Visitor: 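What follows is a single structure, and I will ask about it in a moment.
Just so it is clear, the structure is predicted and the values come from calculations on it, not from any experiment.
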Amino acid sequence: MSAPNMAVDLGGIKMHNPINTAAGTYGFGWQFEGFYDVSQLGAITTKGCAAEAWPGNPKPRMCEVTSGVMNSVGLMNPGVRGLVEQSGEYLQGLSDKGCAVICQVAGHSVDEYVAAVELFEELAPFAAGLEINISCPNIAAGGCAMGSTPDGAAEVIRALRPRTDRPLLVKMAPARVVEVAKALEAEGADALSVINSIPAMSIDVHTRRSRLSRPTGGLSGPCLHNIAVRMVWEVAHAVDIPVNGVGGVMSGADAAEFILAGATSVSVGMSNLVRPDSAPRILSELVSWVEEQGVDDVNDLIGAFEC
Amino acid sequence: MSAPNMAVDLGGIKMHNPINTAAGTYGFGWQFEGFYDVSQLGAITTKGCAAEAWPGNPKPRMCEVTSGVMNSVGLMNPGVRGLVEQSGEYLQGLSDKGCAVICQVAGHSVDEYVAAVELFEELAPFAAGLEINISCPNIAAGGCAMGSTPDGAAEVIRALRPRTDRPLLVKMAPARVVEVAKALEAEGADALSVINSIPAMSIDVHTRRSRLSRPTGGLSGPCLHNIAVRMVWEVAHAVDIPVNGVGGVMSGADAAEFILAGATSVSVGMSNLVRPDSAPRILSELVSWVEEQGVDDVNDLIGAFEC
Amino acid sequence: MPTPSAARIHEFEVVSNTPVAEGIWSLVMRAPKLAEGLSSGQFMSIAVPGDATQLVRVPLSFSKADPVKGTVETEYAVVGDGTRRLSLMRPGDTSDVLGPGGHGWRLESHPRRVLLVAGGIGITPIVSAARWLAREGVEFDAIVGTKTVNTLWGFDELMSVGVQHVVITSDDGTAGDQGFTTDALEPALAGGEYDLVLTCGPEVMMHKVADICAAVGVACEVSMERMMTCGFGACATCVVPTRSGNVGACMGGPVFDAKEVVW
Amino acid sequence: MPTPSAARIHEFEVVSNTPVAEGIWSLVMRAPKLAEGLSSGQFMSIAVPGDATQLVRVPLSFSKADPVKGTVETEYAVVGDGTRRLSLMRPGDTSDVLGPGGHGWRLESHPRRVLLVAGGIGITPIVSAARWLAREGVEFDAIVGTKTVNTLWGFDELMSVGVQHVVITSDDGTAGDQGFTTDALEPALAGGEYDLVLTCGPEVMMHKVADICAAVGVACEVSMERMMTCGFGACATCVVPTRSGNVGACMGGPVFDAKEVVW
Ligand SMILES: Cc1cc2nc3c(=O)[nH]c(=O)nc-3n(C[C@H](O)[C@H](O)[C@H](O)COP(=O)(O)OP(=O)(O)OC[C@H]3O[C@@H](n4cnc5c(N)ncnc54)[C@H](O)[C@@H]3O)c2cc1C
Ligand SMILES: Cc1cc2nc3c(=O)[nH]c(=O)nc-3n(C[C@H](O)[C@H](O)[C@H](O)COP(=O)(O)OP(=O)(O)OC[C@H]3O[C@@H](n4cnc5c(N)ncnc54)[C@H](O)[C@@H]3O)c2cc1C
Ligand SMILES: Cc1cc2nc3c(=O)[nH]c(=O)nc-3n(C[C@H](O)[C@H](O)[C@H](O)COP(=O)(O)O)c2cc1C
Ligand SMILES: Cc1cc2nc3c(=O)[nH]c(=O)nc-3n(C[C@H](O)[C@H](O)[C@H](O)COP(=O)(O)O)c2cc1C
Ligand code: FES
Ligand code: FES
């Protein structure tokens with residue numbers, strides 16, 4: 001049997017296989033070049049960047065919990081210009097090798113999102129698509145606060161849609177996902193990343209203080225995988241645009257679960273951090289699974305969950 | 001130093017300590033008498049019961065996931081009359097020994113909740129309070145579907161409030177908790193149980209089928225603890241009525257975290273199932289923590305999280 | 001109050017843990033109180049160490065409980081992660097086990113001669129039943145089904161406890177007769193010698209055994225498997241539909257009167 | 001492209017793992033490529049087995065890397081669950097380690113004489129620094145702070161690699177002088193012999209050391225600790241505020257020029 005087709009189309013972003021990386025867990029890609037050839041992945045998603053650089057939150061920014069980590073990085077980023085200066089050449093090369101570069105966009109307000117998108121339009125020809133992060137749990141304004149209601153989410157995309165012809169992904173918060181997804185589709189989003197980390201809290205019971213510098217942080221990891229699979233399934237049924245599944249993918253089977261639930265592509269997140277060679281391993285496990293399923297195209301398995 | 005006061009008041013339910021049990025993980029209490037004297041707990045919460053018996057869902061009803069279990073029991077229950085016939089005498093005895101008996105109430109519609117509450121009023125003098133379950137993820141109507149919006153949740157409590165003078169707890173879904181909590185408080189709820197299991201999905205990637213008899217189930221266990229702590233903290237800040245913290249409590253430290261986040265009492269759930277003597281162990285670890293904190297009343301620690 | 005489960009938490013130590021057939025292991029553990037308390041057809045739930053993300057106990061039947069030595073023996077198939085981790089336990093390793101669980105074989109019909117029907121790893125509680133029948137002085141024969149000759153276990157044990165007659169069936173004909181246990185059951189029952197069948201194996205097999213017994217009017221008890229979370233009646237994840245409604249396999253079972261089960 | 005981390009995943013085998021002081025253990029692991037690659041002040045991140053719910057690696061400095069034997073030695077304090085599980089690893093046990101990580105000691109000022117200042121378990125990279133200075137032919141002295149005499153480690157190691165003069169301080173006076181390392185630092189710097197201080201220990205201590213050095217105009221390098229998730233520059237959880245903005249401790253550090261750090 002010949003190798004199955006693994007190429008997928010994520011709302012106009014052509015991926016030579018369904019494996020993507022989750023923003024914030026993959027730096028700007030080159031951080032992984034010491035471990036493997038990044039271009040073998042279908043896509044990478046870069047750390048959320050705003051029009052101007054952000055310093056992020058004070059330490060501690062991470063604490064470990066049961067089968068997961070919480071972070072309060074707060075979208076520390078070098079700004080779009082910083083990204084392009086430091087990593088633009090690398091990302092262009094990656095794109096030339098056929099790996100789709102998805103640039104995540106951050107903002108505290110609609111205006112800031114607009115400013116960032118305009119800068120990406122101007123400076124980032126390598127971007128195969130832009131992922132709008134309206135779901136960061138770690139910033140005071142924007143993020144989660146905007147992305148958790150259908151109106152808030154719609155407002156952002158309504159403002160951005162006219163500014164770019166590139167595929168617009170939206171990174172969704174783990175809240176009211178069906179309503180928000182429908183609102184985003186109606187505003188012209190091309191694809192949806194489901195889900196961002198889940199707001200959570202960890203208290204040191206001896207000191208009575210948060211284990212992070214903020215009261216809450218975003219939870220990532222295998223602990224939330226089955227919640228994310230459910231949300232992907234709900235969203236995939238509610239809208240016609242494709243879904244990128246994100247949350248607790250540690251193995252090819254976890255990725256396969258997302259695909260069966262309706263995801264077109266799958267992002268590897270925390271797994272990159274604890275085992276830097278995870279993503280290519282997950283890809284090869286996914287290919288084996290597609291072969292075992294006896295299909296010659298991974299697209300035949302998207303949403304192939306049988307109730 | 002003398003032993004600290006551990007007694008708390010959960011919206012009119014007097015508990016001699018903050019340890020409660022989570023509905024559906026504790027049967028009707030007597031199931032645990034072989035392991036320890038149940039009356040040492042502050043309260044127990046019995047399996048959700050409807051006016052008439054429910055058969056629940058087909059098998060399989062449980063699958064294990066990373067640091068948790070998913071269930072689709074579907075509120076199988078003997079009905080209020082069945083509960084009283086089988087377990088009424090035991091529960092009366094437990095109540096006489098000073099352990100608060102909280103009876104959970106299930107329904108598919110407002111009318112069914114009303115019918116169940118009226119039956120409890122008539123038949124269950126031992127009930128120190130009623131917990132209204134508007135958040136079961138495993139039933140086709142009622143449950144989650146009603147409890148996930150402020151209006152749906154309010155409607156149920158509006159109908160029930162005039163029917164009983166007993167303390168009414170409401171078991172909340174892990175969705176829109178601040179809005180829903182405010183709506184419930186406005187309708188006269190006496191306390192809130194935060195949270196029920198989180199809707200989740202687990203797919204067998206070989207068969208492409210759900211690992212449960214339904215597409216989704218409710219996720220329980222340590223995997224969701226830090227999400228629950230965050231929700232308790234949010235709710236405790238949003239309302240003036242007390243909160244019962246539920247989710248992934250495996251140790252005294254986990255219970256302490258809930259109390260610091262603002263919970264007046266804490267329910268032990270899945271832990272009861274994997275280690276039947278969990279609840280008294282957790283209670284004694286909690287007492288040690290209160291002593292270590294150097295206070296003479298656990299009430300001084302409720303909400304004592306320092307930002 | 002209704003009767004709570006007799007199960008308690010017992011520390012145990014592994015005495016031996018070895019493969020006895022392809023994919024089948026035999027575990028002997030020292031747990032004296034449990035060994036005293038178990039009656040045939042009951043089960044126990046083992047906390048298997050090695051993966052802190054997996055919290056649910058593994059429910060297993062037993063083939064032998066020796067109150068004198070204080071040991072319990074079980075044969076188990078390695079089918080997933082829990083049983084794989086169990087197979088890694090070494091003599092001297094310790095953990096805890098919850099038991100005895102549920103209702104065992106009943107013999108309510110006071111049988112004179114019993115036919116045992118085991119499919120695959122269902123052999124474990126069947127060997128225990130054989131020991132018990134032998135002790136009670138009830139005569140018995142057995143039909144043992146296996147996939148292939150390499151996955152067969154239990155023949156020697158049945159012989160050593162005094163089974164009169166054993167028919168082996170295998171899916172591929174490499175051991176005994178080619179076919180299923182149910183193929184051998186109909187002729188076996190035709191003689192009218194048996195007044196009780198005890199069976200454990202895949203649910204489709206037990207269903208068929210139950211139907212055949214019902215057709216010829218022979219009493220039948222089945223040992224049912226369900227996903228169990230607690231093993232002592234608290235969670236309702238393990239129910240079996242019966243003529244009197246859903247009944248928990250961990251308290252009302254695992255052994256049921258086949259006539260009661262709604263398949 | 002900016003330079004990615006030189007870290008790779010290396011399988012390792014435990015050679016020895018023993019307590020060397022109260023709450024302090026010494027681990028020697030065989031990991032030949034890592035032993036070749038580590039330079040003084042760098043770190044490594046160990047995947048500690050034993051609890052599958054805990055996925056994040058434990059970052060540790062090293063005191064000795066022996067490229068000939070292919071071994072790496074580290075001393076670590078058992079402070080929580082990860083280090084407790086590490087202390088349970090036995091000779092022959094295996095896992096993997098990510099390294100070398102980050103920037104080590106810099107010596108950019110081409111010092112003639114160096115003063116090492118260690119607080120608590122901060123001694124680990126200080127002993128490594130001592131070995132390296134000795135190899136480079138740079139003279140050095142040391143101030144070693146400990147809570148109490150039982151928690152002291154490193155004196156013998158410093159002596160054996162040729163430290164000229166060591167001052168011990170202890171919080172309770174049970175070893176050396178009663179007081180903090182910083183109490184001993186001011187008089188030590190007064191003589192003007194040192195043109196570089198290398199320090200590792202609690203952040204409050206390092207801050208004070210940095211201030212004292214700045215006051216007398218002596219260069220100072222500090223080895224900073226942060227909660228690290230990846231250890232190779234991908235997650236931004238480990239940043240240290242510096243005069244040129246937030247810098248990741250796992251790539252721009254753990255060793256920083258003290259003047260750069262915004263405390
Ligand atoms: C009362 C009872 C007695 C049993 N006796 C034996 C025995 O003597 N020998 C033997 O080999 N097996 C026995 N089983 C089955 C055994 O419990 C499962 O094979 C085992 O739990 C599988 O666990 P796993 O993690 O290896 O596999 P998993 O990967 O979890 O699952 C493999 C399959 O095992 C079954 N299973 C998994 N977990 C459970 C659970 N908690 N309860 C019930 N079934 C489950 C499921 O059908 C699943 O498809 C018994 C089950 C019950 C309920
Ligand atoms: C570059 C670097 C080098 C280090 N070198 C050494 C060393 O040589 N010897 C030594 O004993 N310790 C060293 N540490 C500290 C060591 O990493 C922590 O003590 C260890 O991770 C604690 O893990 P735990 O699970 O035992 O404790 P936990 O219970 O998780 O935490 C105890 C304390 O350890 C710290 N800590 C926990 N996890 C991390 C992490 N991933 N990164 C940083 N700090 C953490 C926190 O401050 C926490 O309060 C170093 C840390 C860093 C960043
Ligand atoms: C350290 C860290 C930083 C993150 N930063 C971002 C970010 O910048 N933008 C974003 O959308 N998500 C961010 N996330 C969330 C991940 O992209 C992902 O949605 C989430 O971690 C769930 O996937 P996982 O369980 O595979 O990690 C971050 C997660 C972690 C652990
Ligand atoms: C098997 C099982 C059955 C449950 N049944 C109910 C129920 O009847 N009513 C209810 O409100 N919650 C039910 N729950 C949810 C628990 O009460 C609790 O809210 C949830 O499990 C989270 O707590 P935990 O992580 O401590 O288990 C059930 C949970 C489990 C595991
Ligand atoms: S396994 Fe819990 S009731 Fe049977
Ligand atoms: S630990 Fe991830 S960037 Fe430093």
Visitor: What part of B:A228 gets within 4.5 angstrom of chain A, counting heavy atoms only: side chain, backbone, both, or neither?
Guide: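 Contact with chain A is absent: no heavy atom of B:A228 under 4.5 Å.
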Visitor: Taking side chain as everything from C-beta outward and backbone as N, CA, C, O, which of these in A:I259 sits under 4.5 Å from a heavy atom of chain B? Side chain, backbone, both or neither.
Guide: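 No part of it gets close to chain B.
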Visitor: State, yes or no, whether a side-chain contact exists between A:E234 and B:M201 at a heavy-atom distance under 4.5 Å.
Guide: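 Contact flag for A:E234/B:M201 side chains = no.
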Visitor: Under a 4.5 Å cutoff for heavy-atom pairs, which residue among A:G248, A:C223, A:A256 has the most contacts with chain B?
Guide: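 Most heavy-atom pairs within the cutoff with chain B belong to A:C223.
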Visitor: Among A:H206, A:M70, A:R208, which residue forms the greatest number of heavy-atom pairs with chain B at distances under 4.5 Å?
Guide: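 Heavy-atom pairs under 4.5 Å are most numerous for A:R208.
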Visitor: Side chain, backbone, both or neither: which part of B:A175 has a non-hydrogen atom closer than 4.5 Å to chain A?
Guide: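 The answer is neither part of B:A175.
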Visitor: With only heavy atoms counted, which part of B:T216 is less than 4.5 Å from chain A, the side chain, the backbone, both or neither?
Guide: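 Only the side chain of B:T216 comes within 4.5 Å of chain A.
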Visitor: Would you mind telling me which of A:A261, A:P215, A:G68, A:A200 has the largest number of heavy-atom pairs within less than 4.5 Å of chain B?
Guide: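 Between A:A261, A:P215, A:G68, A:A200, the count favours A:A200.
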Visitor: Which bit of A:M250 is near chain B, if near means a heavy-atom gap under 4.5 Å: side chain, backbone, both or neither?
Guide: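 Answer is neither: A:M250 stays 4.5 Å or more from chain B.
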Visitor: Tell me, for B:L219 versus chain A, whether the close heavy atoms (under 4.5 Å) come from the side chain, the backbone, both or neither.
Guide: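 It is the side chain, since no backbone atom gets that close.
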Visitor: Using a cut-off of under 4.5 Å on heavy-atom pairs, state which of A:G221, A:A253, A:P199, A:S202 scores highest against chain B.
Guide: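 Sorted descending by pairs with chain B, the first entry is A:P199.
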Visitor: Below 4.5 Å from any heavy atom of chain B, which atoms of A:E292 appear? Answer side chain, backbone, both or neither.
Guide: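 For A:E292, side-chain heavy atoms alone lie under 4.5 Å from chain B.
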Visitor: Of the backbone (N, CA, C, O) and the side chain (C-beta and beyond), which part of B:H225 lies under 4.5 Å from a heavy atom of chain A, both, or neither?
Guide: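 Neither part.
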Visitor: Looking at A:V229, A:T66, A:V205, which makes the most heavy-atom pairs under 4.5 Å with chain B?
Guide: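 When all of A:V229, A:T66, A:V205 are compared, A:V205 has the most.
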Visitor: Quick check on A:R176 against chain B: is it the side chain, the backbone, both or neither that has a heavy atom closer than 4.5 Å?
Guide: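 The side chain, not the backbone.
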Visitor: Can you tell me which of A:V65, A:I198, A:I227 forms the most heavy-atom pairs within a distance under 4.5 Å of chain B?
Guide: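 Of the options given, most contacts go to A:I227.
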Visitor: When you measure from the side chain of A:E257 to the backbone N and O of B:I203, does any donor-acceptor pair fall under 3.5 Å?
Guide: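 Present.
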Visitor: Which one of B:T207, B:L260, B:N226, B:D204 has the most heavy-atom pairs closer than 4.5 Å to chain A?
Guide: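 Looking at each option in turn, the highest pair count goes to B:N226.
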